Amino acid sequence: MLLIPCPCCGVEAAETEFHPGGEAHVKRAEADASDDAFMDYLFHRKNPKGVHFERWRHQYGCGKWFNLARDTVTLEVFGAYPADAPEPPAAIREAIAARAAERGSI
Amino acid sequence: MQRYSAFALARQALNHHEGWERAWRAPDLKDRYEVIVVGAGGHGLATAYYLAKNHGITNVAVIEKGWLGGGNTGRNTTIIRSNYLQEESAAIYELSRGLYEDLSQRLNFNIMFSPRGVLMLCQTEHELRAMKRTAHANRLAGVETEMVDPARVKQLCPIMNVDGPRYPVLGGLWQPRGGTARHDAVAWGYARAASDLGVDIVQNCEVQGIDVSNGKVMGVRTSKGAVRCEKLAVVVAGHSTVLADMAGFRLPIESVALQALVSEPIKPVMDIVVMANTVHGYMSQSDKGELVIGGGADGYNNYTQRGSFQHVEETVRALVETFPIISRLKMLRQWGGIVDMTGDRSPIISKTPVEGIFVNCGWGTGGFKAIPGSGWATASLIAKGEDKVAAPFSLERFREGRMIDESVAAAVAH
């Protein structure tokens, strides 16, 4: 079971308190964009085997949306950050890079 | 190929069963194939078999990272049905169910197909209306199903509590020719028959890269060396995105974990498959006596092939209300598989932006029932460049917004 920190209310709780909301940082296609751009926006997903940046909602808590960095293979949670952040904050990216380096050295 | 029969069994018994051949060959990888199928699960093996059987293309390799049938083919709850809402779905799933009927004879391998009947419960008014609609759609599509009332439900499955306090049974959608089959045997049967027709099945061989030149596939790099091919079929379920990334195109797929569990073996208590979609649980009894139980998929991207405890609890809690008899059963084993979900919960059988690469994926939580039909249609698409059953399931539908929406029709793991 995942332990997830909520950056909005500061609680760290089991995943049953949260609801997953899919890939984060998906950019909406412009109204006059091509069909291909809309297919990309609506359906295509990164679905990485590794670190995934994703949206979660603290459904049975403060009710707010936020983003989470999590590994889809080890299920390690690297940290949460606000839903409106355009990209993951430096601290989380560093934690991910440190873990990757550690794994590379094994 | 050494044929299996009662006579062969008797003859081998006289030799203390020491004269049996290997069921399929274990060849080395050649330098070049006409078609390479990545993934020796049911769908990949069926694709290879029908390429050889229906289209005479025998210069085929099936390469597999792990062992044959070790992915979702060996991890499902073996349910076979074709009571889907949309016409396109009914066509492929009914083709598949029909092929299952005499597959044991055709493959000369007992897949233990058991058309014991599949009952989908209606436990809310909304579900009752939706299932009635599906029953009408099935009738139009030529799929044999019927709506049954609670009394008939009780007759079909006496251990069911049809007057449950929270979710009383209001009716059911009954498909008498649905049922189960032995999942491993389906993979083994296709492997044996395909191998006999000249298909090379290479296990423990991981694809590490796909060579593409001028938008056309050239071959694959594997842990056992590079192989060239004219056509490449990617049939890898949960890892479809990983392979698509290697070839440089995107897929509308998300990989999530789906799990199942079995109880300790008990005497026969139910001889049909029951699916309760409202409470997210389904159950049948295996020939060994174990109750085979499945539930809903996890909600988040996952490549771990493990389940999560809270889903076991949810599934079992829901089923105990409908089947009070199971409340004191111990659960023996639990396992998970990585399923490839599409937005409309319908599969993808399609050409891709890279010439010569075909994908068969997106079966999500319901791929086992589709193995024969999926292999049949994919083989035809690869051999002829088009197939009438596969056509609606192309990747183009996501660009055109032409969804085959089964997510509302069965918003549950199936």
Side-chain angles (χ1 to χ4, degrees), chain A residues 1-6 13-27 29 31 33-60 65-80 88 96 103, chain B residues 65 206 236-246 248-257 296-314 317 336 338-346 348 350 352-353 361-362 394-403 407:
Chain A
M1 186 174 287
L2 303 176
L3 274 181
I4 296 174
C6 174
E15 68 181 79
T16 46
E17 204 166 291
F18 299 84
H19 192 80
E23 186 179 321
H25 309 300
V26 176
K27 301 276 186 301
S34 66
D35 288 352
D36 282 321
F38 264 99
M39 173 168 66
D40 241 24
Y41 161 60
L42 289 170
F43 300 111
H44 284 168
R45 291 294 173 262
K46 290 200 179 102
N47 192 27
K49 188 177 182 181
V51 179
H52 190 226
F53 300 104
E54 56 195 13
R55 302 167 75 234
W56 285 78
R57 183 170 173 255
H58 196 178
Q59 190 168 14
Y60 301 111
W65 283 95
F66 60 91
N67 290 346
L68 190 78
R70 183 180 60 88
D71 193 305
T72 61
V73 180
T74 63
L75 300 188
E76 179 175 4
V77 172
F78 289 101
I96 293 167
R103 249 189 245 135
Chain B
K65 179 172 74 171
E206 182 179 7
V236 295
H239 278 68
S240 296
T241 310
V242 177
L243 273 284
D245 285 347
M246 288 179 192
F249 61 89
R250 302 193 73 191
L251 284 176
I253 293 275
E254 291 198 88
S255 302
V256 302
D298 278 359
Y300 51 82
N301 298 48
N302 193 340
Y303 279 87
T304 60
Q305 291 191 322
R306 287 202 301 264
S308 48
F309 185 75
Q310 72 267 23
H311 274 99
V312 173
E313 190 187 358
E314 269 172 30
R317 188 174 58 206
I338 301 304
V339 297
D340 39 343
M341 308 292 277
T342 56
D344 58 359
R345 299 294 184 266
S346 282
I348 297 166
S350 179
T352 65
C361 61
S394 77
L395 279 168
E396 285 294 295
R397 78 174 189 267
F398 295 97
R399 194 165 61 81
E400 294 167 0
R402 185 174 39 76
M403 301 295 113
S407 68

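Atoms considered below: every heavy atom in the structure, side chains included; atoms not considered: hydrogens, waters and symmetry mates. In this text the structure is predicted, and so the values were computed from the model without any measurement. Every chain is numbered from 1 and lettered A, B, ... according to where its sequence line falls, protein lines coming before strand lines.
- Neither the backbone nor the side chain of B:M341 comes within contact range of chain A; no heavy atoms are under 4.5 Å apart.
- Within the model, atoms OH of B:Y303 and NE2 of A:H52 stand 9.0 Å from one another, a figure rounded to the nearest 0.5 Å.
- Contact count against chain B (heavy-atom pairs under 4.5 Å) is highest for A:K49 among A:K49, A:H19, A:M39, A:R45.
- Shown here for B:Q310 and A:M1, the closest heavy-atom pair between the two residues is OE1-CE, 3.1 Å.
- Both the backbone and the side chain of B:Y300 come within contact range of chain A, with heavy atoms under 4.5 Å apart.
- Interface remark: B:I253 contributes backbone and side-chain atoms alike to the contact with chain A (heavy atom separation under 4.5 Å).
- The most heavy-atom pairs under 4.5 Å with chain B, out of A:L2, A:D71, A:T74, come from A:L2.
- The only member of B:D340, B:D245, B:T241 that meets side chain to side chain donor-acceptor pair (under 3.5 Å) when paired with A:N47 is B:T241.
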B:E400 and A:D35: CA distance, side-chain angles, deciding distance, side-chain contact (heavy atoms from CB on, under 4.5 Å) verdict: CA-CA 7 Å; B:E400 294 167 0; A:D35 288 352; over 6 Å; no
Please evaluate residues A:F43 and B:M403 with respect to the criterion side-chain contact (heavy atoms from CB on, under 4.5 Å), reporting the C-alpha separation (whole Å), side-chain torsions for both, the decisive distance (0.1 Å), and the verdict. CA-CA 11 Å; A:F43 300 111; B:M403 301 295 113; 3.6 Å; yes
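- Listed options B:P252, B:G299, B:G401, B:G238 were ranked by heavy-atom pairs under 4.5 angstrom with chain A; first place goes to B:P252.
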Criterion side chain to side chain donor-acceptor pair (under 3.5 Å) on B:N301 and A:T72, from CA distance to verdict: CA-CA 6 Å; B:N301 298 48; A:T72 61; over 6 Å; no
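- Counting heavy-atom pairs closer than 4.5 Å to chain A, the top-ranked of the candidates B:S240, B:S255, B:A244 is B:S255.
- Among residues two or more places apart in sequence or in another chain, the ring-ring contact (aromatic ring centres under 6.0 Å, His included) test is passed with A:F38 by none.
- Residue A:H44 touches chain B through both its backbone and its side chain, counting heavy-atom pairs closer than 4.5 Å.
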